[in-house]
Structures are given as C-alpha cells and as structure tokens.
Number of protein chains: 4
Amino acid sequence: MARTIGSYGPKTMEAIRKAGLRLIFEHGYSAMSLRQLAAAVGIQAGSLYNHISTKQELLFDLVQDHINELLRQLDLALLGKQRPAEKLSAFVAFHVTYHMTKKREVFIANSELRSLEPKNYDAIVKLRGAYERRLAEILAEGVSEGVFEVVDIQVATFAILALLTGICTWYRPGGRLTREAIIAAHEKLVLSSVTPGGTASPARTNPARTTPVRKRSRPARSVAPGQQRD
Amino acid sequence: MARTIGSYGPKTMEAIRKAGLRLIFEHGYSAMSLRQLAAAVGIQAGSLYNHISTKQELLFDLVQDHINELLRQLDLALLGKQRPAEKLSAFVAFHVTYHMTKKREVFIANSELRSLEPKNYDAIVKLRGAYERRLAEILAEGVSEGVFEVVDIQVATFAILALLTGICTWYRPGGRLTREAIIAAHEKLVLSSVTPGGTASPARTNPARTTPVRKRSRPARSVAPGQQRD
Amino acid sequence: MARTIGSYGPKTMEAIRKAGLRLIFEHGYSAMSLRQLAAAVGIQAGSLYNHISTKQELLFDLVQDHINELLRQLDLALLGKQRPAEKLSAFVAFHVTYHMTKKREVFIANSELRSLEPKNYDAIVKLRGAYERRLAEILAEGVSEGVFEVVDIQVATFAILALLTGICTWYRPGGRLTREAIIAAHEKLVLSSVTPGGTASPARTNPARTTPVRKRSRPARSVAPGQQRD
Amino acid sequence: MARTIGSYGPKTMEAIRKAGLRLIFEHGYSAMSLRQLAAAVGIQAGSLYNHISTKQELLFDLVQDHINELLRQLDLALLGKQRPAEKLSAFVAFHVTYHMTKKREVFIANSELRSLEPKNYDAIVKLRGAYERRLAEILAEGVSEGVFEVVDIQVATFAILALLTGICTWYRPGGRLTREAIIAAHEKLVLSSVTPGGTASPARTNPARTTPVRKRSRPARSVAPGQQRD
DNA sequence: AATGAATGAGATTTCATTCAT
DNA sequence: AATGAATGAAATCTCATTCAT
C-alpha cells in the first residue's frame with residue numbers, strides 16, 4: 001500500500017519525533033519498537049531510516065535538543081535577576097512551567113539516560129551538569145549571603161531538582177489546579193525549604209571515608225538523574 | 001544431560017531475585033534479558049522457569065514484596081509519634097534510611113510501574129496509594145493544627161515524595177556524607193518546606209475546568225509515581 | 001545485513017503455503033516447526049512473519065480455503081443432477097477426484113481440526129457441516145423415494161464420508177490403478193452400500209438414554225470428522 | 001510436595017498409559033508434553049522416567065499392545081465362521097464393537113503412525129498388514145466364490161477399513177443409537193457394498209505405468225493407515 | 001521518500017531428559 | 001518411586017536494520 005495521509009514529505013521527521021517522544025514516555029526506550037513507532041507515524045518500519053540513522057540516535061537527538069533548549073530558556077528566565085531569592089523564585093517558576101509544557105521531553109531526559117550509549121551518555125551528562133550547576137550556584141550564593149540555609153548544597157540541589165522534576169509524572173493539563181497555583185505551591189515549598197531557622201546543624205562529613213573512593217561496580221551510565229559525583 | 005556446574009538448590013531463587021533487582025535497576029525491565037539474568041545467576045535461561053513463572057511475575061513479586069515491606073516498616077517507624085512535626089520527622093528519617101538501604105527496590109518500584117501488566121499495575125498502585133496517604137494525612141493534620149502551611153496538600157505530598165525518593169538515584173554507601181548527615185539534610189529541607197510564613201496564598205483551583213474530566217488518552221498505567229488523581 | 005540469497009518477492013507466500021501443506025501433511029501441525037518450513041522455502045524463520053501472522057493463522061487459512069473451494073466445486077459437480085442415484089454418483093466421483101488431486105489439503109482439513117484454536121475450530125466445523133449436509137440430503141431423498149436403504153442416515157453419512165476420504169491416505173499418482181478405475185471402485189462400493197435389500201432392520205434408538213445428554217468430558221473440538229452430534 | 005493420591009505404587013504405570021492415551025487422542029503425540037502427562041497422573045515430569053524409557057517408547061508400546069490385542073481378538077471372533085458373508089459379518093461386528101470400546105487406542109494407532117521412529121514404524125506397519133490381510137482374504141474368498149463383487153480388492157479393503165474406522169471419530173457412549181443399531185447400520189453398509197449386481201466393470205489397470213515405480217518423495221512412514229503398497 | 005521483503009540475532013518460553021537427594 | 005532442579009536444544013515470534021524496487 002502507498003503511504004497514508006499525514007506522513008508525507010518534510011513533516012515526517014517531525015511526526016517521528018513527536019510519536020517517538022510519546023512512545024518512549026509511555027513505554028520506555030527499549031520497550032518501544034521501531035515498528036510501533038512507524039505505525040504511529042503511518043509508515044513502514046523501513047521508511048524510518050530515511051529520516052533517522054538509528055534508534056539510538058533518535059533518542060540522543062530528542063534528549064540533547066531538549067537539554068539545550070532547557071538551558072537556553074533557563075538563562076533567559078534568569079536574565080536580570082539579582083538577589084538569590086529572586087533567582088530561586090525565577091528558577092522554580094521556569095522549571096515548573098517548562099516541565100508542565102514539555103513533560104515528556106523532561107521525563108525521558110531523566111529516565112532514559114541509562115539507555116544512551118557511553119559516548120552519548122557522557123555528552124548528555126555534561127549538559128545536564130550545566131543545568132544543575134545553575135541551581136547549585138544560586139543556593140551557594142544565598143547561603144554565603146546568609147539568606148539561605150541548607151545542610152549541604154549538593155544534597156539540596158539534587159533534592160530540589162527531584163522535587164521539581166516530579167511534576168512531570170503527574171501533571172496533566174486541565175487538572176484540578178491552575179498552572180499558577182501549581183507554580184505557587186512549588187515556590188512556597190522550595191523557598192521555605194532553604195529558609196534559615198530550625199535546628200539543623202551543618203552536615204558532618206563521613207569519617208569512615210579514609211580509603212580512596214572505589215570504582216563503581218555498575219556501569220557509569222546506569223541511572224538518572226544525579227549520579228553520585230560528590 | 002543433567003546439571004553439571006552452577007548454582008543449585010534452594011538458594012537459586014534468592015540469587016535470581018537479587019540479580020534481577022540489580023539488572024532491572026541498571027538496565028530497566030525490558031532491557032534486561034532473561035539470558036542476562038540467568039548468566040548472572042550461573043544457570044541456563046530455561047532453568048529460570050523452575051523458579052519463576054514469567055518475567056512479568058518476577059517484576060511483580062519484586063515490586064509487591066518491596067511495597068509491603070515499606071508499608072510495614074513505615075508503620076513501625078511512626079508508632080508512638082504524636083505531633084505532626086514529630087511524625088513528619090519520623091517519616092522523612094524512615095523514608096531516607098529505607099531508600100538508602102534498598103535503593104534498587106525503591107527505584108524499580110517507582111520507575112517500572114509502567115512495565116506491569118494492567119492487573120498487576122492496579123494491585124501495586126493500590127498499595128502505593130496507602131503509602132502516599134500516610135504522608136498526606138500527616139500534612140493535613142499539621143495544616144489543620146496550624147503548624148504546617150502548604151499551598152495544596154496533594155501537590156505537597158507528591159513534591160515531598162519526589163524530593164525524598166530522589167535519593168536512590170545518587171546515593172552510594174561510602175560517599176562523602178554520613179547517613180546521618182544525609183538524613184539531617186533532608187529533614188531540614190522537608191520540615192522547612194512546610195513551615196508557615198512567606199507570602200504564599202492558598203491555591204486557586206482551575207476555573208477553566210467546567211467540563212467533565214476527560215478520559216486520559218494514554219493507558220492509565222503509564223508513569224510513576226503520582227498519576228493525576230485529583 | 002539485508003537479504004543475500006533465497007526466495008524473494010510475491011512468490012514467497014505461495015511457496016510458504018505449498019511447503020506448509022506438505023510439511024503438515026507429512027509431520028502434523030505441531031510437529032512441523034517454522035524453522036523447517038522456512039528452510040523448505042529458503043528463507044530465515046523470522047522472515048515467515050512478513051507473510052503470515054502466526055503459525056495458527058497459516059493452518060486456519062489453509063484449511064478454510066480448502067473447504068471453501070471444496071464446497072464451491074461440489075456444487076458445480078451436482079449442478080443439473082436430478083435423481084438421488086445420479087446425485088450420489090456425482091458426489092462420489094467428485095469427492096474421489098478432488099481427494100486424489102488435493103489429498104494434502106483434504107487430509108489436513110480432516111486431521112488437524114484439533115489443532116485449531118476454538119474460534120477457528122468453530123468456523124471450520126460450521127463450513128464442514130455444510131458439506132456433510134449435502135450428502136445427508138442426497139441419502140435422505142433417496143431413502144424417502146425408496147431407492148436407497150440405510151439403517152440410519154447420520155451413520156451412513158459419516159461412514160460414506162470416511163470411506164471416501166480414506167483415499168488420501170494411500171493414493172499416489174502413477175500407482176497401479178487409473179483414476180477412472182479408482183473412481184469406479186468407489187462408486188460401486190458406495191452405491192451398492194445403500195442399495196435396498198438384505199436383512200437389515202431400521203435402527204433401534206438407545207432406550208438407556210433417558211437422562212439428558214451429558215456434556216462431553218473432552219474439549220468439543222478434539223477430533224474429526226463427525227463429532228457426535230446426534 | 002509429596003505425591004498425590006491415586007498415583008502410588010504399581011498403579012502408576014497404568015495411570016500413565018491411561019492418561020497418555022487420552023492426551024494423545026485429544027492433542028496428538030507431539031502436541032502432548034510430558035509435563036502435561038505427568039500433571040494428569042499427579043506426579044512430576046521427572047518421575048515418569050521411573051516407568052517409561054522415552055516418550056517415543058510410550059507411544060510405541062501403546063500402539064503395539066493395541067494392535068496385538070486387536071489381532072488376537074479378531075481371530076477369536078472369526079473362529080468357526082465358514083462362509084465369506086458370515087466372516088465379513090463377524091469382521092464388521094467385531095471391528096465396530098472393538099472401535100467403540102477402544103476408540104482412543106484405535107484412533108492413535110491410525111493417526112500417530114507417522115510419529116513413530118522408523119524402526120518402530122516398520123514393526124507396527126507389519127502388524128497392521130496382518131490385520132488388513134484378514135479382510136482382504138475374506139473379500140478375495142467371497143469374490144472367487146462369486147458371492148461378493150468388487151472392482152478392486154485392494155481398494156475395497158482400504159475403503160471398508162476406512163469406513164469402519166471412522167466410527168472412533170464420532171462415537172460416544174450414551175449417544176442416540178444403541179451399540180447394536182450402530183453395528184447393524186455398518187453391517188448393512190458393508191455387506192451391501194460388496195454385493196454382486198450393478199453396472200460396475202472390473203478395474204482397468206493404469207496403462208500409463210510403463211516406467212518403474214518411483215521412490216516415494218516423502219518418508220515411508222508419513223501417513224496412516226494404508227500406504228500405497230500396490 | 002516510501003514500500004515490502006529480507007536478514008541474523010535474540011527475545012521469552014517450553015521441551016524431553018537427567019540425576020542427586 | 002518420587003521430587004526438584006538442572007541442562008541444552010528448540011519452539012514461536014520480535015527486533016533493528018538493510019536495500020532493490
């Protein structure tokens with residue numbers, strides 16, 4: 001049979017990316033077959049190869065494009081913000097908004113890192129590091145100015161990112177809350193979480209750790225998002 | 001010919017579960033092949049079927065046993081705690097500790113729900129709901145006593161769980177921080193996050209939502225942890 | 001790598017059907033492996049799935065197409081025949097001829113019904129019933145006109161069909177007898193078998209059968225050709 | 001778990017044979033797994049090997065014992081019969097009765113010959129030949145005495161056997177007809193079928209067959225019951 | 001740029017059979 | 001005589017990928 005409507009010409013690549021995002025989001029990268037993907041696009045499996053080079057490259061492109069866009073927009077969102085609290089607010093608002101808009105991209109970029117081949121994995125983790133560093137720097141600045149208090153900056157960075165990223169596992173447009181309410185809820189949680197006060201004392205580092213850090217027993221690229229890099 | 005070398009006897013099942021946990025954690029359920037699993041155990045692929053009935057059942061058992069244990073231990077940890085703040089502290093300490101001890105089980109139970117067949121998925125989601133409810137009730141109690149302040153209890157529940165569960169993606173024993181420090185860091189973040197004060201106003205619900213809630217377009221069982229159920 | 005040698009193009013499906021017929025005839029459906037079949041066709045086992053959807057579907061299609069063709073040709077053969085004896089002669093001649101020509105299809109359609117899944121089984125048995133009814137009606141007509149005599153029409157129908165169908169277990173082209181001789185031999189047997197005369201009395205029905213008919217203890221779809229339906 | 005009731009001691013072998021008969025009758029030899037068989041008996045698959053040597057031997061024993069018994073009883077049934085018609089009546093009555101009583105054994109012995117390994121196949125076909133010869137001799141005797149008329153003795157032998165053997169595909173105790181009625185119905189059909197009269201002329205043999213008989217293209221042991229041996 | 005048919009590897013699962021206990 | 005756990009082969013079927021058309 002000839003090709004079906006909706007799959008013709010230069011729009012096919014875009015249809016592949018879109019269907020790929022959805023299918024990987026729903027089933028995971030290795031559970032998604034290229035036949036499934038092709039069917040969703042309305043073409044035969046072999047025809048995919050007119051547009052992608054391999055399944056792996058499709059994943060890599062989706063993830064890479066997402067992270068680049070994320071970084072680009074984050075920098076726009078932080079533009080002109082001065083004080084740490086202001087920056088943190090902007091970070092939260094941006095992150096939440098972005099995750100509500102692009103929950104599939106975000107989810108995949110977090111959960112399918114382990115499906116990337118080593119070279120691709122390294123490239124993505126490097127990009128992701130840049131994003132995390134933005135938050136870590138905001139926290140560090142706030143702590144050094146005395147407006148934030150955390151037990152450990154690294155832990156707080158990971159924890160806040162996890163908190164914010166959690167959205168894409170449950171958010172659905174048209175749910176009970178408005179976007180603004182969801183953003184507000186997260187701003188409250190995050191800003192309060194680093195507010196000074198309470199009984200917390202600074203973290204003690206591990207005295208047991210006198211031997212050199214062991215090589216990890218599992219492949220460096222196994223799980224997302226924050227590999228223990230401290 | 002009968003068996004020559006390799007694992008034997010009643011320990012095999014335990015070895016399968018252990019290797020299964022590790023491999024699913026590292027590669028994901030559908031990326032783990034039973035050949036791999038058998039090799040890790042030291043038997044032939046077909047021999048797995050003396051111990052499991054299907055690959056799917058293995059996943060289900062691992063997840064179910066984990067959640068049952070999690071619930072059981074949580075209730076022990078909360079025993080005798082009275083005030084909401086006390087309960088929340090205990091919840092955080094328990095959750096973090098458990099996640100550091102059993103990070104693989106926890107990670108799988110969160111990330112592989114979508115790999116469960118509908119019947120199994122439903123059973124697990126039900127169990128998980130019981131766990132989430134424990135936290136939601138603590139928050140609700142604190143809010144009604146005026147000791148906690150959140151914009152929205154549901155959102156706060158999901159956010160705190162996401163924050164806490166994030167640990168199992170980066171924690172590794174023997175890292176820079178002691179367990180106690182990690183627990184303390186999370187207690188600070190979580191307890192502060194719900195501390196009254198700040199400018200937050202109560203969540204406005206979505207005025208746009210006048211039509212009945214649509215059926216979701218993707219399978220009900222796709223992603224973890226908190227399906228939009230509000 | 002793509003294909004190198006072997007069958008190609010639109011002829012493959014026909015080759016699969018032909019080889020499938022032969023292999024099922026020789027070894028039986030469940031004893032025929034798809035590897036064998038693929039080897040007979042000259043392709044890889046997996047390549048079969050470009051042409052068939054499952055092994056079961058292949059069997060079903062072979063059987064269904066055969067029975068449809070059988071019915072179609074039978075009706076042609078009976079066209080214009082008036083008297084019962086004439087009809088019975090035509091039936092025998094047609095049946096024997098067809099079974100000599102398509103002995104594999106015939107044999108499979110009779111012996112592999114039990115290998116059909118329930119839904120497929122039901123469909124085929126229904127078609128087969130139509131064929132059997134043609135014969136039963138000829139006999140009934142002859143009996144009511146007094147030109148045939150049988151003890152029981154149902155039993156005679158089954159018996160004559162069994163007699164005629166037996167051919168496909170021993171016929172081989174180029175054997176000792178001409179086709180015409182084989183047909184003549186069967187016409188003599190069948191026509192004589194229902195000729196009036198002899199000592200036979202009408203069948204007594206079973207007096208022991210006072211209780212309702214029990215459900216059969218084995219699956220309704222086990223053996224061919226005539227399930228006890230009286 | 002220990003062994004279940006009904007499977008203990010010297011009765012196990014009998015249970016295996018009985019369950020084996022049923023399962024092969026219902027599903028066919030190669031579709032019956034030894035695990036199924038063991039389950040039907042109430043033991044583990046491995047335990048079968050305390051009683052049988054291989055799956056193939058089980059089939060062979062079932063078939064061989066059946067045919068031996070068949071021959072033995074046939075000779076008893078023919079004892080003292082003098083005239084051909086008397087003999088043929090006795091043959092039919094015996095055959096039908098036996099097939100109603102032992103329809104599973106009969107069916108298997110006819111349909112699973114192709115599942116026998118060459119050596120076993122040869123042994124069984126030899127035995128079966130003895131049985132067929134009994135009928136062929138009765139017919140030949142009747143023909144030479146002028147009380148029977150057939151176009152071809154070989155064809156008539158096969159056809160009558162097929163007719164009679166068909167019973168085991170539809171007979172079920174407690175059906176509409178009494179055993180006696182079924183026997184009577186078959187006696188009428190068979191005796192009439194060889195009654196002299198009618199227009200049939202003796203079979204012409206195949207003039208085309210001038211070349212030596214080709215070797216059969218398929219394995220000598222493929223199908224039942226009457227290989228073309230003329 | 002799409003199809004349809006192919007490949008070779010590999011997926012999960014079942015099989016007959018073995019044997020220490 | 002039974003069990004339970006093992007083997008190695010093979011079952012059906014799916015996969016990513018290739019390529020002549």
Side-chain angles (χ1 to χ4, degrees), chain A residues 1-4 7-10 12-13 30 32-38 42-56, chain B residues 1-13 30-38 42-56, chain C residues 1-13 30-38 42-56, chain D residues 1-4 7-10 12-13 30 32-38 42-56:
Chain A
M1 205 191 314
R3 66 194 103 77
T4 325
S7 65
Y8 185 53
T12 304
M13 184 64 217
S30 59
M32 174 196 75
S33 82
L34 291 188
R35 278 170 166 78
Q36 259 184 296
L37 176 57
I43 59 178
Q44 296 295 314
S47 307
L48 289 172
Y49 287 83
N50 290 318
H51 305 274
I52 66 173
S53 58
T54 63
K55 189 187 179 191
Q56 171 72 202
Chain B
M1 206 189 312
R3 83 194 91 83
T4 50
I5 56 166
S7 180
Y8 180 53
K11 285 176 200 151
T12 305
M13 184 64 217
S30 57
M32 173 195 76
S33 85
L34 292 185
R35 290 225 238 272
Q36 263 184 295
L37 177 57
I43 59 179
Q44 297 293 313
S47 305
L48 289 171
Y49 287 81
N50 290 318
H51 305 275
I52 66 174
S53 56
T54 63
K55 189 187 179 190
Q56 170 74 199
Chain C
M1 204 191 313
R3 79 193 96 83
T4 49
I5 55 166
S7 180
Y8 180 54
K11 286 178 200 148
T12 305
M13 184 64 217
S30 58
M32 174 195 75
S33 85
L34 293 184
R35 291 226 240 270
Q36 263 182 293
L37 176 57
I43 58 178
Q44 296 294 313
S47 305
L48 290 172
Y49 287 83
N50 289 319
H51 306 274
I52 66 173
S53 58
T54 62
K55 189 187 178 190
Q56 169 73 202
Chain D
M1 205 192 311
R3 64 193 103 78
T4 326
S7 67
Y8 184 51
T12 305
M13 184 62 216
S30 60
M32 173 195 74
S33 83
L34 291 187
R35 278 169 167 79
Q36 259 184 297
L37 176 57
I43 59 178
Q44 295 296 313
S47 307
L48 289 172
Y49 286 83
N50 290 317
H51 304 274
I52 67 173
S53 58
T54 65
K55 190 187 177 189
Q56 170 73 202

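Order of the sequence lines fixes the chain letters, A, B, ..., with proteins taken first and strands second; residue numbering starts at 1 for each chain. Just so you know, these numbers come straight off a predicted model, no measurement behind them.
Regarding D:Leu37, its CG atom lies at a distance of 18 Å from the P atom of E:dT14, rounded to whole Å. Rounded to an integer number of Å, the gap from A:Leu48 CG to E:dG4 C1' is 14 Å. Taking atom NZ on B:Lys11 and atom P on F:dG4, their separation rounds to 19 Å, with Å as the unit. To the nearest angstrom, C1' of F:dA2 lies 8 Å from NE2 of D:His51. Here E:dA11 presents its C1' atom at 13 Å from CD1 of B:Ile52, a figure rounded to the nearest Å. The nearest whole Å value for the distance from the CD atom in C:Gln44 to the P atom in F:dT17 is 19 Å. When rounded to the nearest whole Å, the span between CD1 of D:Ile43 and C1' of F:dA1 equals 9 Å. Computed from coordinates, the C:Leu34 CG to F:dT12 P distance equals 4 Å when rounded to whole Å.
Remark: C:Tyr49 is not in phosphate contact with F:dT14, judged by side-chain N or O atoms under 4.0 Å from OP1 or OP2. Contact annotation: D:Thr12 side-chain N/O to F:dA2 OP1/OP2 distance is under 4.0 Å.
One distance of note links CG of B:Leu48 with NZ of B:Lys55; it measures 11.0 Å at 0.5 Å rounding. With rounding to the nearest 0.5 angstrom, the CE atom of B:Met32 is 5.0 Å from the CG atom of B:Leu37.
In this structure E:dT3 sits in a base pair with F:dA20, meeting the Watson-Crick or G-U test at under 3.5 Å. Shown here, E:dT14 forms a base pair with F:dA9; the pair counts as Watson-Crick or G-U wobble because both key distances fall under 3.5 Å.
Side-chain proximity of D:Asn50 to E:dA2, E:dT17, F:dT3: nearest is F:dT3. Picking from F:dT17, E:dA6, F:dA2 the nucleotide with the shortest atom distance to the side chain of A:Lys55 gives F:dT17. Here the side chain of B:Ala45 is nearest to one of E:dT13, F:dA1, F:dA5, namely E:dT13. Nearest nucleotide to the D:Ser47 side chain, out of F:dT3, F:dT7, E:dA2: F:dT3. In the set E:dT18, F:dC13, E:dA11, E:dA11 carries the atom at the smallest distance from any side-chain atom of B:Arg35.
Comparing B:Ser53 and B:Gln36 by the nucleotide of DNA chain E whose heavy atom lies nearest to each, the residue mapping closer to the 5' end is B:Gln36.
Contact detail for C:Ala31 and C:Gln36: the closest heavy-atom pair is O-OE1, 3.4 Å. Contact record, D:Thr54 with D:Tyr49: CA-CE2, 4.4 Å, taken as the closest heavy-atom pair.
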side-chain contact (heavy atoms from CB on, under 4.5 Å) evaluation trace for D:Met13 with D:Ile52: CA-CA 8 Å; D:Met13 184 62 216; D:Ile52 67 173; 4.1 Å; yes
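A:Ser33 comes within contact range of the sugar-phosphate backbone alone, with a heavy-atom separation under 4.0 Å but no base atom that close.
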